[in-house]
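Encoded as structure tokens, the structure appears first; notes follow it.
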There are 2 protein chains.
Amino acid sequence: MTAISRIEQICIDKGMKMTGQRRVIARVLSESDDHPNVDEVYHRASVIDSKISIATVYRTVRLFEEAAILEKHDFGDGSARYEEATDDHHDHLINVRSGSVLEFHNEEIEVLQRKIAASHGLKLVGHRLELYGVPLGDDEKE
Amino acid sequence: MTAISRIEQICIDKGMKMTGQRRVIARVLSESDDHPNVDEVYHRASVIDSKISIATVYRTVRLFEEAAILEKHDFGDGSARYEEATDDHHDHLINVRSGSVLEFHNEEIEVLQRKIAASHGLKLVGHRLELYGVPLGDDEKE
DNA sequence: ATATCTGCAAAGCATTTGCGTCACG
DNA sequence: CGTGACGCAAATGCTTTGCAGATAT
């Protein structure tokens with residue numbers, strides 16, 4: 001019997017029914033520090049439980065997202081990507097050469113965003129900020 | 001024979017083969033000042049040419065996007081939305097109550113974005129910034 | 001016990017594509 | 001005329017769902 005993963009503990013605290021599959025998916029996501037899509041979560045979970053179904057991964061990931069345990073992102077590659085939700089908000093900087101994703105937080109931008117929304121009579125309830133870049137000096141090599 | 005639409009003129013200048021369908025789609029998009037998805041473009045085009053196929057709309061919209069005539073956006077509603085590309089860059093502020101889309105430009109944010117990318121050794125080649133808001137004072141009414 | 005979850009396969013959606021026909025240049 | 005565009009319907013890729021059996025509490 002393995003230790004309880006971070007996400008499994010959150011599920012328990014929320015009183016969710018914990019099946020073997022949910023435990024496996026919770027573990028996989030707790031141990032991921034990238035932004036896997038459902039297929040990647042499915043493959044990582046399959047290593048632990050080879051009989052798990054991708055439909056269950058879809059259902060569980062949606063469940064976790066609705067419970068604010070995961071955040072869902074769309075980086076424009078056709079599939080949704082997930083990461084564990086944390087209290088420290090951040091945005092994403094995507095290296096389009098390598099596909100790697102860096103996280104950053106800039107309070108100045110956050111403030112400006114709220115200001116812009118307010119100037120149009122709106123209260124900001126969410127935002128999406130993604131930066132796409134290439135390694136410096138890499139674009140002239142082509 | 002109707003006048004040549006703004007987008008049709010661009011197509012002609014670029015030496016693209018202008019079919020009746022492309023002319024219709026160019027006209028529809030030139031006259032739109034919102035952010036229609038393919039289905040909406042298809043319906044608007046059908047009014048002018050009822051025999052047009054949605055496959056042609058998909059192909060044409062992609063063609064225009066690749067020719068930098070259109071910009072493609074994803075506002076998270078499951079379908080791609082399009083608008084005529086202009087030289088003045090702007091981002092979007094979406095009213096989640098009404099679904100209406102406001103455009104804005106903030107140079108301060110643009111500068112900060114380049115700075116952030118640079119601080120991670122990347123040159124900014126693109127970005128996506130969308131703000132989602134509700135009318136001020138509207139959220140406590142619920 | 002029993003409401004909920006899982007696996008499977010089928011269905012849904014937005015989008016793309018193969019193919020025979022048609023039309024712009 | 002010939003290359004490329006069109007319409008149709010089938011195919012695709014991601015995601016959801018109906019159903020019958022399995023499972024957590």
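Residue numbers begin at 1 in each chain, while the letters A, B, ... track the order of the sequences.
- Across C:dC24, D:dA24, D:dT15, the shortest atom-to-atom separation from the side chain of A:Thr19 is found for D:dA24.
- Residue A:Arg62 has a polar side-chain atom (N or O) positioned under 4.0 Å from OP1 or OP2 of D:dT17.
- Minimum atom distance to the side chain of A:Tyr58 is reached by D:dT15, of the listed D:dT15, C:dT16, D:dT25.
- When distances run from any side-chain atom of B:Ser79 to the nucleotides C:dC5, D:dG7, C:dA14, the shortest one goes to C:dA14.
- Rounded to an integer number of Å, the gap from A:Glu66 CD to D:dT15 C1' is 14 Å.
- The side chain of A:Val38 sits closest to D:dT15 out of D:dT15, C:dT15, C:dA9.
- A:Ile54 comes within 4.0 angstrom of no nucleic acid atom, judged by non-hydrogen atoms across all strands.
- For the pair A:Asp13 and A:Arg6, the salt-bridge criterion is not met [side-chain N within less than 4.0 Å of a carboxylate O].
- B:Asp74 has its CG atom 18 Å from the P atom of C:dC13, to the nearest Å.
- Rounded to whole angstrom, the span from the OH atom of B:Tyr42 across to the C1' atom of D:dG7 amounts to 10 Å.
- With respect to the salt-bridge test (charged N to carboxylate O, under 4.0 angstrom), the residues A:Glu107 and A:Arg114 qualify.
- Nucleotide D:dT15 holds its C1' atom 15 Å from the CZ atom of A:Arg81, rounded to whole Å.
- Atom NZ of B:Lys51 is separated from atom P of D:dC8 by 10 Å (rounded to the nearest Å).
- Listed nucleotides: D:dT17, C:dA23, C:dC8. Nearest to the side chain of B:Lys17: C:dA23.
- Taking the six-membered ring for Trp, A:His127 and A:His89 have ring centres closer than 6.0 Å.
- Proximity note for A:Gln21 (side chain, C-beta onward) versus D:dT15, D:dT17, C:dG7: the nearest is C:dG7.
- Residue-level contact check: B:Arg59 touches the bases, meaning some heavy atom is under 4.0 Å from a base atom.
- A straight line from CZ of B:Arg23 to P of D:dA5 spans 14 Å, rounded to a whole angstrom.
- Distance B:Ile52 CD1 to D:dG7 P: 6 Å, rounded to the nearest Å.
- How far CD of A:Glu40 is from CZ of A:Arg81: 5.0 Å, rounded to the nearest 0.5 Å.
- Nearest to the side chain of B:Met18, among C:dG25, D:dC14, C:dC8, sits C:dG25.
- Atom pair A:Phe64:CZ and C:dC5:P shows a separation of 11 Å (rounding to whole Å applied).
- Ion pairing between B:Arg44 and B:Asp49 fails under the 4.0 Å rule for side-chain N and carboxylate O.
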